[in-house]
Amino acid sequence: MNRLLDDLNDAQRQAVTTTEGPLLVIAGAGSGKTRVLVRRLAYLLRQQLAQPNQILAVTFTNKAAGEMKDRVVTLLGGVAPGMNVSTFHSFCARLLRREGHAIGFDSSFTIFDTADSITLVKNCIKELGFSTNQCTPKAQLRKISDAKNRMVSPETFAAGASGYFEDCTSRIYSLYQERLLRCQGMDFDDLLYRSVTLLQDNTEIGEGYRRRFRYLMVDEYQDTNPVQYLLLRNLLGQHKNLCVVGDEDQSIYGWRGADIRNILEFEKDFSDARVIKLEQNYRSTNIILDAASSVIGYNEARKPKTLWSDKKGGDKLQHLLVDSADEEAAGIIERIHNERATTDLCEMAVLYRTNAQSRPFEEQLRRQGLPYQIVGGITFYQRKEVKDLLAYLKLIANPRDDISFERIVNYPKRGVGKKTLAEIAAWAASDGLSYFDVAKRSADDSGLSSRWKRLKPFVALVEKYRARKDDIPVDLLTQELVDELNLFDELRSEDEVIGQTRIENVEAFIEGAAEYARGNGEATLDNYLAEISLYTDIDSYDETEDKVTLMTIHSAKGLEYDLIFLTGLEEGLFPLQRTFSEPMELEEERRLFYVGATRARKKLYMSTAAVRFRRGAIASIPSRFIKEIPPELMDVVDLRRRPTWDSDSTSLQPSFFGKAESSGDVSPIGVHYEYEGLEALRVGRIVQHPTFGRGKVLKVEGYGESLQMEIMFTGLGVKKIMAKYGKLKIIG
């Protein structure tokens, strides 16, 4: 037992040994929450409070779940069969493969990825006769996803729909769910939505799982959404042994449905809950912690905590002032070169608010021959050649998967055109069949035209591998399929150069299947597809490769580096402009800054560009987050040059900018610090106008010289004012 507890601090030890009843562990950044979860799980098993299959521990990435399971096994000195450590989606997928028959699904249902879901929504929009311009597939899928995350069924959505567009979404949602069921498919949201429905509506199944799980543990609880919350409540037995670990200051997924109230109101849900705070940080220097804590302290929706570290002092934060995005990349790459003398490249990460910001960094790194990896680009399983091969495997596993059928029925080309596919779809709709069922019938119907006969070899191929899918390991089945399709020759014929890369990707897929087969006793096709269907790009990220990492701040959650470069700290970019008038969204942006800053162990660099090209040249204002950092914690490094503005190429004028604080020479062009006027004109401010008098700012739009606002003036009503001409004085 000493091995489990001796190297923990007092708060961590309490979190590990408090086993009964509801427990909220507030785990500040870098405070060892993963260690606590691992030790707590091992402690429950070592104390024989439960068997491995009576504990459910959920987190948000497959990688984190795998590492947690491995560490528990190492601590216990052996295997722990039946241990349930997984993501929410993986747990629900397993539950539904066992119990889905109760709601009309068999165990080989297909899990649709986002691309497949968009295709199906697009088909539904066309089938209903709607315009894809007015009802864009991506927007409709977002609305459907939001409904499922709130446990709103198609019927409930329809009952509450008001107006033409909501009625359209209602009909699309309903048809989409019908088509998923016909395909024996579920999208990512369905895994949670249908699991909750199953546990709520089927008393016998629900009670069985509530009796089974004696302890529930949840990582990253601040990022749970309403349907995940309901899943936990429906798995929680009378014992109420629920331990949730999280940090409301790191809740950064509100845009995809996460509800910060789940963690903020935990004590309301469980009046007898115990709360333990982990406040000692083992990652960052005190200077980094003080800066991050200062910024997050401006938020209201949070639980007070004081992070501290034994790593006294440390380097001050470096705030780089640059002219443009390209100069930002150049300045940061220069510092990467300099830091390389003492720090490995794999210990450096460039973080940005949006994926579009990666371009200049990629160009500079390639130009200078520095190795790098991007997290958050096109994932391996989204590459066309891999998607095509996966579609074959999915159809072999589940012949009712119409989306996979549609993707590969004519790949490689076998003369099945759009007309034939449209006729297949019409036949399937009229007779309630899958596309593959139609293809099978057509192959045996002598009365059909010769073009229908082209489907016969395709049907025979799928049937051949369906008959063998449970008898041979998935890697051998995949290799034989690739050989029979002559897929490598097909890829070479499409493009000799790019084709070789695509062949290598297919070979990598087969090797991945072989690795899975080596580590699993039942390496069948169905099991393998279930394993990889929920795979994400962060699961394949290798932090040990000596490469600079580029990623969004969202992707960096849970990671840490010696050096962090936090880029694009400008109003309108970070924080995003749309958050200015929404206090809760602005607080999430501030939490995102906090997450990015606390990824750094030793040094934190921040950068601000004077001009950022987003739909034209935009004069930038430094992010408010910079001003929320005490000046004594930060050095300003001015890398700007005085540009010669061409009046024909830009509307920016030197007189617009103020003066920057810097120990070096200062250009009048660039970001301003002392000039507070335009930056401080935010919604809610009280201002004085020389002509109109006192007013309140209601709306703010644009940046720089184009910054304008709507102001309610006493006795005069609302007027639009251009900031550069307004001569406004802030009085409240």
ask   = With a 3.5 Å cut-off and no angle check, do the side chains of Ser145 and Asp189 form a donor-acceptor pair?
value = yes

request  = Could you list the residues that satisfy side-chain contact (heavy atoms from CB on, under 4.5 Å) with Glu178, not counting sequence neighbours?
outcome  = Ser174, Leu175

inquiry  = Please enumerate all residues that pass salt bridge (Lys or Arg N to Asp or Glu O under 4.0 Å) together with Asp167, with sequence neighbours excluded.
reply    = none

note = Sorted by chain and number, sequence neighbours left out, salt bridge (Lys or Arg N to Asp or Glu O under 4.0 Å) with Arg414 holds for none

inquiry  = Ring-plane angle category for Phe458 and Phe436, please: parallel below 30°, perpendicular beyond 60°, tilted otherwise.
reply    = perpendicular

message = Show every salt bridge (Lys or Arg N to Asp or Glu O under 4.0 Å) that has at least one partner inside residues 119-145, sequence neighbours left out.
response = Glu127-Arg179

task = May I have all residue pairs that pass salt bridge (Lys or Arg N to Asp or Glu O under 4.0 Å) and include part of residues 422-439, sequence neighbours excluded?
result = Glu423-Arg451

message = Going by ring pair (Phe, Tyr, Trp, His ring centres under 6.0 Å), name the residues that satisfy it together with Phe88, two or more places apart in sequence or in a different chain.
response = Phe60

key: For Asp106, all residues meeting side-chain contact (heavy atoms from CB on, under 4.5 Å), sequence neighbours excluded   = Ser108, Gln184, Arg400

inquiry  = According to salt bridge (Lys or Arg N to Asp or Glu O under 4.0 Å), does anything in residues 472-486 pair up with another residue at least two apart or in another chain? List the pairs.
reply    = Lys464-Glu484, Arg468-Glu480

For Tyr435, all residues meeting ring pair (Phe, Tyr, Trp, His ring centres under 6.0 Å), sequence neighbours excluded = Phe405

Qualifying salt bridge (Lys or Arg N to Asp or Glu O under 4.0 Å) pairs, either residue in residues 388-397, two or more places apart = Asp116-Lys394, Lys384-Asp388, Asp388-Arg407

query = How would you list, by chain and number, every residue that makes a side-chain contact (heavy atoms from CB on, under 4.5 Å) with Asn202, sequence neighbours excluded?
reply = Ala102, Leu198, Glu204, Ile205

ask   = Quick one: ring pair (Phe, Tyr, Trp, His ring centres under 6.0 Å) partners of His554, sequence neighbours excluded?
value = Tyr253, Trp255

